J.: 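To start, I am sharing the structure in question, which I have written as structure tokens.
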Amino acid sequence: MSTDAGSVSAVPLEQRLLHLVRDVPDWPRPGVVFKDITPLLADPAAFASVVDGLAERWSPTVGGPVDKVVGIEARGFILAAPVAYRLGAGFVPVRKTGKLPWQTYAASYALEYGEATLEVHQDAFCRGERVVIIDDVLATGGTAAATAGLVKRAGGEVLGLSVLIELAFLGGRAAVGLDVHALLAF
């Protein structure tokens, strides 16, 4: 699925991304269609385009400046860290419970196929820092809403959420109550 860098610019970004996102039916449980982004991550030009597309929305001339970029475990880390670098911002991981080694705030929430708890370090943000949340997929909005709550509780100001994929039919955008930017919507 590699893409020739010379021909990439002739193909619209959305079309390139659609080609590189694989549907995996019935994973992690029956009835769920998982959006596998590993082919996209393996394509250097497409991966760079995704990072640029996510960062562009929060550049100083558009929606920034940004002090910190939050990545939600696990695939959000892959996207958020290079976006933070691109924006000249710090990176903060929001992790599953029990994974962070310092004092944390925790938030539990419902997933489209279960329940989970996320944590962030209590000292991750200085009061009033401008924060963008990055994740791979916005589904029902539970993960993003829990993350936004953690950022606010730790003192950050949430500017919005950027995702690679929005599963619009699940209504997550309305549930998070944030400015949402998605590169792809299904």
Side-chain angles (χ1 to χ4, degrees), residues 13-29 31-41 46-47 49-59 62-64 66 68-84 86-87 89 91-96 107-120 130-153 156-186:
L13 177 61
E14 185 175 340
Q15 186 178 347
R16 282 186 285 144
L17 299 182
L18 286 171
H19 174 71
L20 293 168
V21 174
R22 170 175 40 211
D23 283 349
V24 180
D26 298 321
W27 198 86
R29 63 171 236 189
V32 174
V33 178
F34 184 79
K35 298 293 185 186
D36 180 13
I37 65 169
T38 56
L40 183 150
L41 298 174
F47 183 46
S49 294
V50 165
V51 170
D52 291 345
L54 293 171
E56 181 181 357
R57 168 63 184 89
W58 306 107
S59 70
V62 179
V66 173
K68 300 273 175 71
V69 175
V70 167
I72 303 171
E73 188 167 336
R75 297 186 307 170
F77 292 175
I78 298 166
L79 301 174
V83 168
R86 183 96 157 78
L87 294 174
F91 169 75
V92 175
V94 168
R95 304 221 45 202
K96 295 175 183 169
S108 296
Y109 62 98
L111 291 165
E112 60 274 18
Y113 50 84
E115 291 186 9
T117 300
L118 293 175
E119 294 181 332
V120 70
R130 297 168 51 89
V131 179
V132 171
I133 300 168
I134 304 284
D135 206 2
D136 61 324
V137 176
L138 173 61
T140 62
T143 305
T147 300
L150 287 171
V151 170
K152 292 173 189 172
R153 186 171 174 200
E157 173 194 339
V158 180
L159 300 177
L161 166 70
S162 282
V163 295
L164 170 57
I165 299 167
E166 177 183 3
L167 303 177
F169 63 93
L170 292 174
R173 183 179 290 255
V176 297
L178 297 171
D179 177 12
V180 176
H181 166 247
L183 297 181
L184 290 173
F186 293 95

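Both backbone and side-chain heavy atoms feed into the values below; hydrogens, waters and symmetry mates do not. These numbers were taken from a predicted model, which means no experiment stands behind them.
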J.: Please list all pairs meeting salt bridge (Lys or Arg N to Asp or Glu O under 4.0 Å) that have one or both residues in residues 177-186, counting only residues at least two apart or in different chains.
T.: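 Matches after skipping sequence neighbours: R57-D179.
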J.: State the CD-OG1 distance between E73 and T147, to the nearest 0.5 angstrom.
T.: 10.5 Å
J.: Given L150 and E119, is the side-chain contact (heavy atoms from CB on, under 4.5 Å) satisfied, shown in steps?
T.: CA-CA 7 Å; L150 287 171; E119 294 181 332; 5.6 Å; no
J.: What is the minimum heavy-atom distance between A146 and Y109, and which atoms define it?
T.: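 Heavy atoms of A146 and Y109 come nearest at CB-CD2, 3.7 Å.
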J.: Can you list every salt bridge (Lys or Arg N to Asp or Glu O under 4.0 Å) pair that touches residues 130-147, not counting sequence neighbours?
T.: R75-D136
J.: Kindly give the heavy-atom pair with the smallest separation between G63 and L159, and that separation in Å.
T.: O-CD1, 4.0 Å
J.: Test side-chain contact (heavy atoms from CB on, under 4.5 Å) on V151 and V120; report intermediate values, then the result.
T.: CA-CA 8 Å; V151 170; V120 70; over 6 Å; no
J.: Report the distance from atom OG1 of T38 to atom CZ of R22, rounding to the nearest 0.5 Å.
T.: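 Going from the OG1 atom of T38 to the CZ atom of R22 covers 4.5 Å.
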J.: Would you compute the distance between atom CD of Q15 and atom CG of L20 and round it to the nearest 0.5 angstrom?
T.: 10.5 Å
J.: Counting C-beta onward and ignoring hydrogens, is there a side-chain heavy-atom pair between F47 and I37 closer than 4.5 Å?
T.: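 No - every pair of side-chain heavy atoms lies 4.5 Å or more apart.
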J.: Is it the case that the side chain of D23 and the backbone of K35 share a donor-acceptor pair, with hydrogens and angles ignored and the cut-off at 3.5 Å?
T.: no
J.: Tell me the closest heavy-atom pair linking A144 and L161, and the distance in Å.
T.: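 Reported closest heavy-atom pair: CB-CD2, 3.7 Å.
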J.: Going from CG on L17 to CG on L184, what distance comes out if it is rounded to the nearest 0.5 angstrom?
T.: 5.0 Å
J.: How close do A148 and V158 get, heavy atom to heavy atom, and via which atoms?
T.: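 In terms of heavy atoms, the two residues are closest at O-CG2, 3.9 Å.
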J.: How long is the span from the CZ atom in R95 to the OG1 atom in T117, to the nearest 0.5 Å?
T.: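 With rounding to 0.5 Å, CZ (R95) is 14.0 Å from OG1 (T117).
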J.: Find the distance between CD1 (I72) and CZ (F77) and round it off to the nearest 0.5 Å.
T.: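 So the gap between those two atoms works out to 9.5 Å.
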J.: Using residues 162-172 as the side-chain source, report each donor-acceptor pair under 3.5 Å to any protein atom, sequence neighbours left out, with the distance given to one decimal.
T.:
from, atom 1, to, atom 2, distance (Å)
S162, OG, W58, NE1, 2.6
S162, OG, H181, ND1, 3.0
E166, OE1, R173, NE, 3.4
E166, OE1, R173, NH2, 2.7
E166, OE2, R173, NE, 3.1

J.: For residues A175 and A145, report the shortest heavy-atom separation together with the two atoms involved.
T.: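 Heavy-atom minimum between the residues: O-CB, 4.4 Å.
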